[in-house]
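See structure below.
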2 protein chains.
Amino acid sequence: MTVTLADVAARARVSPATVSRVLNGNYPVATSTRDRVLRAVDELDYVLNGPASSLAAATSDLVGILVNDIADPFFGIMAGAAQSQIGGPGDGSGRAGGEKLAVVCNTGGSPERELTYLTLLQRQRAAAVVLTGGALEDPSHQAAMAVKLAKLADAGTRIVFCGRPPLPDSDAVTASLAFDNRGGARRLTEHLLELGHRRIGYVAGPLERTTTRHRLEGHREAMKAAGLHGDEESLTVHGPYDRRSGYDATRQLLAREGEVTAVVAANDTVALGACAAVRDHGLRIPEDVSVAGFDDLPFSVDAMPALTTVRLPLAEAGARAGRLAMGKEKPPAGGIATIDAELMARGSTAAPRG
Amino acid sequence: MTVTLADVAARARVSPATVSRVLNGNYPVATSTRDRVLRAVDELDYVLNGPASSLAAATSDLVGILVNDIADPFFGIMAGAAQSQIGGPGDGSGRAGGEKLAVVCNTGGSPERELTYLTLLQRQRAAAVVLTGGALEDPSHQAAMAVKLAKLADAGTRIVFCGRPPLPDSDAVTASLAFDNRGGARRLTEHLLELGHRRIGYVAGPLERTTTRHRLEGHREAMKAAGLHGDEESLTVHGPYDRRSGYDATRQLLAREGEVTAVVAANDTVALGACAAVRDHGLRIPEDVSVAGFDDLPFSVDAMPALTTVRLPLAEAGARAGRLAMGKEKPPAGGIATIDAELMARGSTAAPRG
DNA sequence: CTGTTAGCGCTTTCAA
DNA sequence: TTGAAAGCGCTAACAG
């Protein structure tokens, strides 16, 4: 029924092994033979059987990219960039040669699904796995992840972190690209302090996430360095990385802590919610309250006023992670690279009134 | 080295066949035997070999979801919803039972990559494929797609369209969920006409895309019904579905056609660019120029003023596509369903001056 | 440079 | 309800 490699071999009057060699291109084959084989492939419209090939070769061309939330451009941008390095440009024929199949898996931020996806990829004998975004800090999950990643690495799967801090005491991970969330957050708050703000509300991300913690720490470092501390707790509200969280938390801060002159959000999406809350509270941005975000997603510059935020080079990092996963680029020294975060001061922050 | 099904069988003192039956759960197995097998699986930390399993069974648990641009929430929302129906909730162990591996593939809008991904998925003997977003209208690509999809369907792969018009004369596609882009666009323009606008600029999407054409047709239907036609061409500018396109096209429209009182954009992202252009031109929204988008992505309500747009139920459609791909839901009559688009009139549109 | 020969690890009749 | 055995389609030594 379906045409197999043996059919191609018969048609090209060569052995199956030769066909395999032509297809994989890792072996010298006479040009005339190769042409004959390729012609037979086209004539028979042959499509390689992936499972059979993976079984025999004990490795597949699947590369998994894990993301927390595929609907969030933060992840979409990284995943797209990684995928572009992995899938290759193709040859324009749609025929598929030695390409890898780069696929993105959406964990929805659930630790169980993260592990499940890793198991599924392990099953498929994935060639590489890229994990994006912050990690959960729950010790038992971290331990489970370390074990699982070690097994994947053992089986020859290359593992790359992108926008995620390195795993302590693990050599399973080929490379870790970590964003300087702490430094970026510190500079952002310093910017607010320089403008004259003293009471700054902070809408943090979900608890137990490295990203949340690092950004919050950077913020508090700056506050402390300015001699401002004592009411960190009452000025901080935690919530998920979405617009609603920004809205709710900001309304809460505004109602409870009347004298807040600035709100720093965990990311740009949360910041949009914060902006809406400030306005619904009858206040203006930035005259009455300054608002700042994090990530510099494409829409941030279109907020009115344009959002002050911290730029993360998501596309560059994703692309680099993709190359590392393919073994096309050599890992940074020590397997760890920290990626700078740049302050983008824009219209949504200004000096407080009075 | 790596533990195989035979190892599990030995440890559980049963035959490999029995282990296979327990793992796949499609066959009667004595409870005591099953327990013994499951225990052995856990003790040995066994992970099924996907390729071997797929080879023997001639089908895999891979489900592909093709998107044009993974960094665009339009696709992210659909893909995430689809994936949530396919991946299943897991059992909380991260162990992975009969789950499918739902993966999203980013074509970047390139027809070649679309075909390449389908070939790659075909290689893997994917259980199902979901194609999201508008299709390219190039006849040769359409023909190639029809052929490829027919082959996939022949091989037992279920095919579902989500937000894409049905393929003419093809029974390869299990179900097509198409958005009512034309109707939505018509209602949007009618809304503008009712407000009193007469000269309406249109920033269209890329040429040769069904989405672009349908939305543009809806717009022109409304214009024509109002007796307004003749300068459609000069009032329409085509460009990609991104912010920059909206910005550039709008500046162009504003410079060239001074008297434009409203700009309709191909989607919300383009609309944000249009808003920025209107402002940079020294005009106010909506007092001087009204702006409208399409899709109602989450950020649209946060634009200032909030964006008038057309809501597409992306998450619902994605989830339904996921269920259809899994065979959990029965296809609509005729395999085709049209999904309504709802006008969301908000602050960015108002009556023109004078 | 090319052919022969064993498997890769699992599923699935067919029997028992 | 379980076991035995025959492949699934390909790759990778090993010869030649």
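Lettering of chains follows the sequences in order, A, B, ..., and the numbering in each one begins at 1.
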(request) Whole angstrom is fine here: how far is it from CG in B/Leu44 over to P in C/dG9? (result) 15 Å
(message) Could you tell me how far apart B/Leu23 (CG) and C/dC10 (C1') are, to the nearest whole angstrom?
(response) 10 Å
(request) Write down the distance between CG (B/Leu48) and P (C/dG9), rounded to a whole number of angstrom. (result) 12 Å
(request) Could you check how far CG of A/Leu5 sits from P of C/dG7, rounded to whole Å? (result) 20 Å
(message) Between B/Ser53 and C/dC10, is there a contact of a side-chain N or O with OP1 or OP2 at under 4.0 Å?
(response) no
(message) Please confirm whether the shortest side-chain N or O distance from B/Asn24 to OP1 or OP2 of C/dT11 is below 4.0 Å.
(response) yes
(request) Give the rounded distance in Å between these two atoms: CG of B/Asp61 and P of C/dT11. (result) 11 Å
(message) Quick check for you: name the first and last nucleotides of DNA chain D, 5' to 3', having an atom under 4.0 Å from a heavy atom of chain B.
(response) D/dT1 to D/dG9
(request) Measure the CD1-NZ distance between A/Ile86 and A/Lys328 for me, rounded to the nearest 0.5 Å. (result) 8.5 Å
(request) To the nearest 0.5 angstrom, please state how far the CG atom of A/Leu38 sits from the CD atom of A/Glu43. (result) 11.0 Å
(message) Taking the nucleotide of DNA chain D with the nearest heavy atom to each, does A/Ala6 or B/Arg36 sit closer to the 5' end?
(response) B/Arg36
(message) Working to the nearest 0.5 angstrom, can you tell me the gap between B/Arg34 CZ and B/Arg21 CZ?
(response) 12.0 Å
(message) Rounded to whole Å, how long is the line connecting atom CZ of B/Arg21 with atom C1' of C/dT11?
(response) 10 Å
(message) To the nearest 0.5 Å, what is the distance between CD1 on B/Ile65 and CD on B/Gln83?
(response) 5.0 Å
(request) Scan A/Val8, A/Thr4, A/Leu5 and name whichever one has a side-chain contact (heavy atoms from CB on, under 4.5 Å) with A/Pro16. (result) A/Leu5
(request) Select base, sugar-phosphate, or nothing to describe what A/Thr33 touches, counting heavy atoms under 4.0 Å on all strands. (result) sugar-phosphate
(message) Can you confirm whether A/Met145 sits close enough to A/Leu131 that some side-chain heavy atom of one is under 4.5 Å from a side-chain heavy atom of the other?
(response) yes
(request) Send over the distance from A/Leu55 CG to C/dC10 C1', rounded to a whole Å. (result) 8 Å
(message) Taking any heavy-atom pair under 4.0 Å as a contact, classify A/Ala17: base, sugar-phosphate, or nothing.
(response) base
(message) Within the structure provided, determine whether A/Lys151 and B/Asp45 are in side-chain contact (heavy-atom separation under 4.5 Å).
(response) yes
(message) Under 4.0 Å, counting only non-hydrogen atoms across every strand here, what does B/Val19 touch: a base, just sugar-phosphate, or nothing?
(response) nothing
(message) At less than 4.0 Å, is any side-chain N or O atom of B/Ser20 found next to OP1 or OP2 of C/dT11? Yes or no.
(response) yes
